Each structure stands twice: as C-alpha cells, then as structure tokens.
Asker: 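Just dropping this structure here.
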Protein chains: 2
Amino acid sequence: MTAKLRDVAEHAGVSVRTVSNVVNGFAHVAPATRQRVQASIDALGYRPNLAARTLRRGRTGLLALVVPEVDSPYFADLAARTVRAAQARGLTVLVEQTDGDADREKRLLHGDRAHLVDGVLFSPWATTPADLAARTDTTPLVLLGEHDGTPGVDHVAIDNVAAAREATAHLLAAGRTRVAAVGVQPHSRNATARQRLTGYRAALTAAGLPTDPALEVPVHRLHRADGHQAMHTLLDSPDPPDAVFCFTDELALGALRAAGERGVPVPTALALVGFDDIEDGRYSTPALTTVSPDKDRIADLALDHLAHQASTPGPPRSTTAPHRLLVRETT
Amino acid sequence: MTAKLRDVAEHAGVSVRTVSNVVNGFAHVAPATRQRVQASIDALGYRPNLAARTLRRGRTGLLALVVPEVDSPYFADLAARTVRAAQARGLTVLVEQTDGDADREKRLLHGDRAHLVDGVLFSPWATTPADLAARTDTTPLVLLGEHDGTPGVDHVAIDNVAAAREATAHLLAAGRTRVAAVGVQPHSRNATARQRLTGYRAALTAAGLPTDPALEVPVHRLHRADGHQAMHTLLDSPDPPDAVFCFTDELALGALRAAGERGVPVPTALALVGFDDIEDGRYSTPALTTVSPDKDRIADLALDHLAHQASTPGPPRSTTAPHRLLVRETT
DNA sequence: CACGTTGCATGCCACGTTGCAAACTGGGGT
DNA sequence: ACCCCAGTTTGCAACGTGGCATGCAACGTG
C-alpha cells in the first residue's frame with residue numbers, strides 16, 4: 001500500500017488536515033510547517049488518491065472525447081489538439097473509441113462513464129436525434145461535428161453545407177462540368193455526409209448543372225480503401241467525371257491512388273478536392289486541395305461550452321467554427 | 001445530484017446493500033426483489049459512482065497509454081488497437097500525450113496518475129534509464145518500444161536492430177550501393193532511432209560497404225516535414241544516394257514527396273524503405289515498402305504484461321513482437 | 001418436533017480525502 | 001493584566017460504495 005495522508009501526518013507530526021492543506025497549496029500554513037510536511041511527503045513518496053479526492057470534491061478533472069476511430073487521421077488530429085487544449089486548462093482527456101458502433105455510442109451517451117468524467121465531447125456516427133432526446137444522464141455534453149435536429153444539446157461544428165458548396169464551386173469555377181461526389185452514406189444516420197451532399201448539390205444547382213445520381217458515389221466507410229474503390233468504379237463508368245469532390249481527405253487519397261493506377265493524370269484530366277486537411281494530403285503527390293476546418297478552434301470552443309455548462313445553467317448553445325479552402329495541386 | 005444507492009434503496013423499499021448486490025449481479029437475490037430493484041434503478045436513472053466504487057475496490061479498470069503524440073499515424077494506430085484490445089478485456093484506456101516533453105514524461109512516470117489507473121503503457125521519447133531507475137511509483141508499468149538498458153521494467157518491442165538490418169539489406173540486395181539513412185537523432189535520448197541506425201550500419205558492414213557519415217541524415221522529429229527536408233538535403237549533396245532507408249513511414253512519405261518535387265523517379269533512380277506500416281504508405285504513389293511491426297501483438301502483449309504484474313509478482317519480463325518487411329512499389 | 005441448512009436480506013464499517021467551523025497561538029493595543 | 005485579532009492548526013463528518021459477518025425466515029431432515 002502506498003502512503004496516504006495519515007501516514008504523512010504521523011511522519012511529520014501534524015494533523016491530517018494540515019497535510020491536506022499543504023498538498024493543496026492553501027494559504028495559511030506556516031513556512032516551517034509547510035517545509036516539514038513537504039519533506040515527509042517526499043520521503044514517503046506520497047501521491048494523492050485521486051479516487052478519494054474525486055469522491056470528496058465531486059469533480060474528476062477528466063473529460064471524455066468520444067470518436068468513432070482514433071486512428072483515422074482527422075480524429076487523431078482532433079484528439080491531439082483537444083488533449084493539448086485541455087491540458088492548458090488543467091484537464092485530462094479520456095479518449096474513447098466507438099468504432100461507429102451504435103450500441104457503444106448509446107451506452108456512452110447514456111452515462112456509462114457517469115461520475116468518471118466531468119464532461120463528454122461526443123463525435124457521433126450512428127447516434128440519432130431520438131437517442132439524444134432520450135438521454136437522461138446529466139453529465140455535460142457537447143456534440144462535435146454536424147448533427148441535424150439536435151434537440152437541446154450543445155454543439156460545435158463547421159458549416160458543412162457551405163464548405164461543401166465552396167469546394168464544389170471551386171471545381172466548377174475551374175471549368176469542370178462533370179463533378180462527382182464520393183462519400184455518400186445512404187444507409188447511415190451520419191449527418192455530416194448528408195450535409196456535404198447538400199452543399200455539393202447546391203453548388204451544382206447554382207451553376208445551372210443537373211445533379212446526376214451516377215456521380216454521387218456511396219461508400220461504406222470514409223477510408224482510403226473506400227475512396228480507392230469508388231474512384232475505380234467512376235473510371236469504369238461510361239461517362240467518367242472530370243472532377244471529384246471527396247467528403248474526406250482519406251477518400252480523396254484513395255481516389256488519387258486509383259487515378260494513378262489507371263494512368264489518369266491529376267489535376268489535368270481529373271481534379272480532386274478533399275475535406276479535413278489531414279497531414280498526408282500536404283505531402284501526397286500531387287498535394288491535395290482540401291477544406292480545412294479549424295480544429296484548434298473546434299477543440300477550444302468545445303471546452304468553452306463544457307466550462308460554460310458547468311458554471312452557468314442555460315439553454316443549449318450552438319457554435320460554428322471557421323473553415324477555409326486550401327487550394328493545392330490536385331485542382 | 002444524480003441518484004445514489006440509498007435513493008434506489010428507499011425507492012424500492014430494500015436495504016442499500018441489496019441494491020448493491022443487484023447492481024453487481026450477486027447470486028443470492030430473489031428474482032422478485034431483483035426485478036423490483038432493477039425497476040427502481042431504471043426509474044431513478046441510477047448510475048454507479050465510479051469514484052466511490054474505485055475508492056472501495058482499489059481498482060479503477062483504467063489504463064493509461066502514454067505516447068509522444070496521438071496524431072502521429074503510428075501512435076494513433078497503436079492507440080486504436082490498444083483501446084480495442086483493452087475493451088475486449090473490460091478495460092478502458094486513457095490516452096495521454098507528452099509531446100515528447102521530458103518533464104511531462106517524468107511526471108507521468110513518477111505517478112502523476114497514481115490511483116487513477118491500474119497500469120501504465122509507456123512509450124518513451126525522452127525518458128532515460130536513470131529516470132526509470134529513479135521511479136518510486138508502484139503502478140504496474142510496461143514500456144512500449146525499444147529502450148536500452150531498461151533496469152527492472154517490463155518491456156514489449158520489436159527487434160529494431162534486426163528489422164533495420166533487413167530493410168537495409170533489402171535495398172542492398174536490389175543492387176543499391178549508396179544507401180542513406182534518414183532519421184538519426186543525435187541530440188536525443190531516443191533509443192529506437194539509435195537501434196535502427198545500428199541495424200542499418202550492420203547491414204552495410206555485412207555487405208562489405210563502408211558507413212558514410214554524409215549518408216546518415218539527422219532530423220529533429222520523425223515527421224513528414226523532416227523527411228522532406230532531409231531528402232532535399234541529400235539530393236543537393238555532390239554524391240546523392242540511390243536508396244534511402246527512413247526510420248519511419250512519415251519520414252519516407254516526406255522524402256517521397258521531395259523526390260517527386262525534384263523529378264527523381266522512384267523506385268528507378270531512388271529506392272525507398274520506410275518503417276511502421278502506416279496506412280498512408282499503402283495508398284501513396286508509389287506505395288511504400290516498409291517494415292511492419294505487429295501492432296496488435298504489441299498491444300496484446302503489453303496488456304498481458306500488465307495483467308501478469310497485477311496477479312503475479314516476479315522479475316520484469318521482456319517480450320519481442322514480430323515484424324516483417326512489406327515490399328511494395330518504392331523498391 | 002427440534003435442528004441444521006440453505007437462500008436471502010441487512011447493518012456496520014472503512015476506503016482516503018476535503019469542507020466546515022471551531023480551537024489554539026502569540027503579539028499588540030487598551 | 002486583559003482582550004482581541006490575525007494567523008495557524010485541528011477534529012469531525014461525509015462523499016457513495018462494497019466486504020464482512022450476521023440476522024432472519026422457511027424448508028427439509030432425522
């Protein structure tokens with residue numbers, strides 16, 4: 001058993017309470033006492049028992065960040081930034097991975113980690129507005145990423161519709177006429193994909209072009225392999241596109257690889273835009289044009305929301321983080 | 001305040017202890033009682049207070065995974081696999097990020113999270129054997145990745161020297177004669193880089209080739225930007241290499257991009273081998289030849305070690321996970 | 001019918017910490 | 001000599017849970 005407050009108190013010849021005061025840096029402790037207690041702490045290698053402290057204080061200093069997958073570059077990046085932002089506020093982040101599993105999401109949403117974390121940053125994949133409405137757990141919650149019809153839940157996201165519209169418009173402005181969209185998720189509740197599709201269509205419509213179902217390619221997940229396969233499918237079609245808007249950079253990188261395999265030169269014969277601004281896209285050949293969400297801002301805003309919920313009860317708030325189009329070599 | 005055991009007990013008209021028995025699935029509870037209590041639990045939305053439970057039980061079910069950076073693809077991948085492996089064992093992983101900061105590593109090593117986690121999986125960057133020797137915290141610890149001179153600490157890694165030798169030998173076997181190594185870390189304590197350098201040199205020596213300091217390129221970190229810059233430096237040199245062994249895939253992808261910028265065809269004029277087998281390398285053009293460590297095995301072995309430490313006291317153990325060379329298009 | 005057994009339910013306590021309020025100390029003013 | 005006050009230190013209680021030991025009732029057995 002490791003040393004506890006009482007052991008330190010006995011060793012230093014003071015009360016338990018005084019040791020606690022020293023540990024917590026309270027003001028009114030005589031310098032001599034403080035020094036003596038500190039010496040005992042060091043001698044015994046005392047470490048506060050965080051479980052006991054939490055039980056007493058009612059707060060843990062822990063946040064959960066719930067994402068579909070930690071190894072997807074976008075979420076890895078977001079996680080890293082969130083961890084850093086939280087560190088700056090003296091908080092620790094518990095990264096939780098759902099693998100897009102609806103049950104696991106539901107369990108986490110409904111308080112599987114209740115009392116273990118002070119707040120939850122939730123990046124939903126399969127969660128529906130109904131799931132959210134049915135939530136009874138009182139742990140502060142902030143939704144990351146788009147989710148339509150959010151009922152009474154705090155929420156931070158970029159404007160996906162606008163971003164997708166800009167990306168598509170960028171392709172159209174370069175004179176492309178057959179612009180495909182890769183990343184449609186027909187059987188998924190995922191709202192992000194739906195919103196990006198909306199923006200894509202809006203851009204086409206604004207340019208006076210028809211939407212063509214053959215150019216809206218569904219995928220299972222949003223990974224490189226899916227983009228790779230989707231691009232091969234598109235290139236196999238009788239009337240292949242001259243530009244592709246991919247809903248994630250990973251899809252785009254898979255598509256880029258597929259174009260290379262088929263000898264289709266990018267960006268001349270085929271222009272490509274991704275979404276997320278992951279680092280791989282900066283070093284691919286050619287480098288990927290992409291929509292860059294301000295991830296630092298997203299992380300920071302999300303933490304703001306949590307802090308605000310903890311201190312000030314009030315109606316749920318929604319915040320939009322900025323994004324911008326980074327034009328690189330694929331367009 | 002959310003419901004606690006006592007509230008449920010009053011609601012169901014039973015004792016606190018009986019509710020606890022129901023919550024924990026104890027055997028001797030009458031079906032009728034169990035049902036009634038369960039109904040009260042649902043009605044009140046009771047969630048066990050994990051802090052109190054931890055305090056009482058002495059275990060948290062949490063593990064810490066300490067890595068330099070979550071957003072580096074290798075560590076993101078490892079983290080994802082570790083989280084899944086832990087989930088399968090009913091454990092939760094707390095991902096901790098040090099940014100390679102020696103102080104933060106030291107603090108975590110010395111029990112900053114004591115009592116909050118049952119064990120620590122530690123992937124050191126700046127930690128020295130002396131730091132490890134000075135450790136007083138008693139939380140079970142497993143070192144991930146190579147670390148030389150580990151004194152009395154459990155340890156899981158691949159054979160970096162052998163892997164680096166194989167990678168280099170592969171380049172030499174293809175007839176390359178000027179093989180550079182990118183990823184040397186002269187001012188760092190990092191043991192992994194050192195071991196890969198050792199393997200690289202061993203392969204050269206075994207092939208009867210001299211080691212050339214001009215071909216051993218130091219880098220600051222192991223990212224794409226570093227590999228990119230290192231490759232440009234190499235190509236600027238009077239006698240550029242015809243092959244490069246990069247100590248990580250990220251370095252290799254940066255180098256690949258640089259080669260492309262300079263119009264150096266890969267693999268004809270320049271062969272390239274990376275290390276880590278991250279997903280980007282499978283979809284780059286050309287696809288990256290790399291050393292693939294068995295990350296699932298690493299995660300699993302590490303958890304085995306922790307479980308073993310918790311149950312059976314004994315001398316520290318070292319385990320080596322397998323790796324293999326994946327030959328793709330850059331060689 | 002008494003007794004042991006089994007199945008079920010309960011009370012008490014401690015896990016290690018901190019909030020609260022009270023208690024002590026010594027120095028300076030009256 | 002007394003009191004007061006600011007500066008220190010302390011004891012007590014409680015946070016919510018689970019281990020332990022035991023109470024209690026009903027049942028089956030000799």
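In what follows, chains are A, B, ... by sequence order, proteins preceding strands, each numbered from 1. All values reported here derive from a predicted model rather than from experimental measurement.
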Asker: For A:Arg317, does its backbone N or O pair with a side-chain atom of A:Asp154 as donor and acceptor, under 3.5 Å?
Answerer: yes
Asker: Indicate whether OP1 or OP2 belonging to D:dT9 is found under 4.0 Å from a side-chain N or O atom of A:Thr33.
Answerer: yes
Asker: Between D:dA13 atom P and A:Arg56 atom CZ, what is the distance in whole Å?
Answerer: 13 Å
Asker: So, are B:Arg81 and B:Asp77 salt-bridged, with charged N and O less than 4.0 Å apart?
Answerer: yes
Asker: If only side-chain N and O atoms count, and only distance matters, is there a donor-acceptor pair under 3.5 Å linking A:Asn49 with A:Arg53?
Answerer: no
Asker: What's the CG-P distance between B:Asn21 and D:dA21, to the nearest Å?
Answerer: 15 Å
Asker: Nearest of D:dT17, C:dC8, D:dT8 to any side-chain atom of B:Ala30?
Answerer: C:dC8
Asker: Show me the dot-bracket string of DNA chain D, counting Watson-Crick or G-U pairs under 3.5 Å, with | for pairs to another strand and [ ] for crossing ones.
Answerer: ||||||||||||||||||||||||||||||
Asker: Nearest whole angstrom, please: distance from the C1' of C:dC8 to the CD of B:Gln35.
Answerer: 17 Å
Asker: Exactly one of A:Val93, A:Asp118, A:Leu91, A:Leu116 should register a side chain to side chain contact (heavy atoms under 4.5 Å, CB included) with A:Leu62. Which one does?
Answerer: A:Leu116
Asker: Side chain of A:Ala52 only, heavy atoms from C-beta on: which candidate in C:dC8, D:dG18, C:dG16 is closest?
Answerer: C:dG16
Asker: Check the distance between C:dA14's C1' and A:Lys4's NZ and give it to me in whole angstrom.
Answerer: 9 Å
Asker: In plain terms, say whether B:Lys106 and B:Asp131 are close enough for a salt bridge, that is, a side-chain N and a carboxylate O under 4.0 Å apart.
Answerer: yes
Asker: Figure out the CZ/P separation between B:Arg6 and D:dC15, and round it to whole Å.
Answerer: 6 Å
Asker: Checking only heavy atoms, does the side chain of B:Arg57 share a donor-acceptor pair with the base of D:dG19 at less than 3.5 Å?
Answerer: no
Asker: Check A:Arg297 with A:Asp304, please: is the shortest side-chain N to carboxylate O separation under 4.0 Å?
Answerer: no
Asker: Between C1' on D:dT22 and CZ on B:Arg17, what's the gap in Å once rounded to a whole number?
Answerer: 13 Å
Asker: In whole angstroms, how far is the P atom of C:dG16 from the CZ atom of B:Arg59?
Answerer: 15 Å
Asker: Heavy atoms only: give me the nearest A:His115-A:Thr60 pair and the separation to one decimal.
Answerer: O-CG2, 3.4 Å
Asker: Find which nucleotide of DNA chain C each of B:Leu55 and B:Val16 is nearest to by heavy atoms, and output the residue with the more 5' nucleotide.
Answerer: B:Val16
Asker: Would you call B:Asp137-B:Arg107 a salt bridge at under 4.0 Å N-O?
Answerer: no
Asker: Take the protein atom CD of A:Glu10 and the nucleotide atom C1' of C:dG16, then report the distance between them rounded to whole Å.
Answerer: 14 Å
Asker: Can you pull out the residues from residues 36-45 of chain B that lie within a 4.0 Å heavy-atom distance of DNA chain C?
Answerer: none
Asker: Among C:dG19, D:dT17, C:dT18, which nucleotide has an atom closest to any side-chain atom of B:Tyr46?
Answerer: D:dT17
Asker: Is the Lys NZ or Arg CZ of B:Arg221 less than 6.0 Å from the centre of B:Trp125's six-membered ring, within 45° of the axis?
Answerer: yes
Asker: Any base atoms under 4.0 Å from A:Val14, or only sugar-phosphate, or nothing? Heavy atoms, all strands.
Answerer: sugar-phosphate
Asker: So, the side chain of A:Gln309 versus the backbone of A:Leu141: is there a donor-acceptor pair under 3.5 Å, distance only?
Answerer: yes
Asker: Does A:Thr18 put a side-chain nitrogen or oxygen below 4.0 Å from OP1 or OP2 of D:dT10?
Answerer: yes
Asker: Ignoring the backbone of B:Asn49, work out which of D:dT9, D:dT17, C:dG19 is nearest its side chain.
Answerer: D:dT17
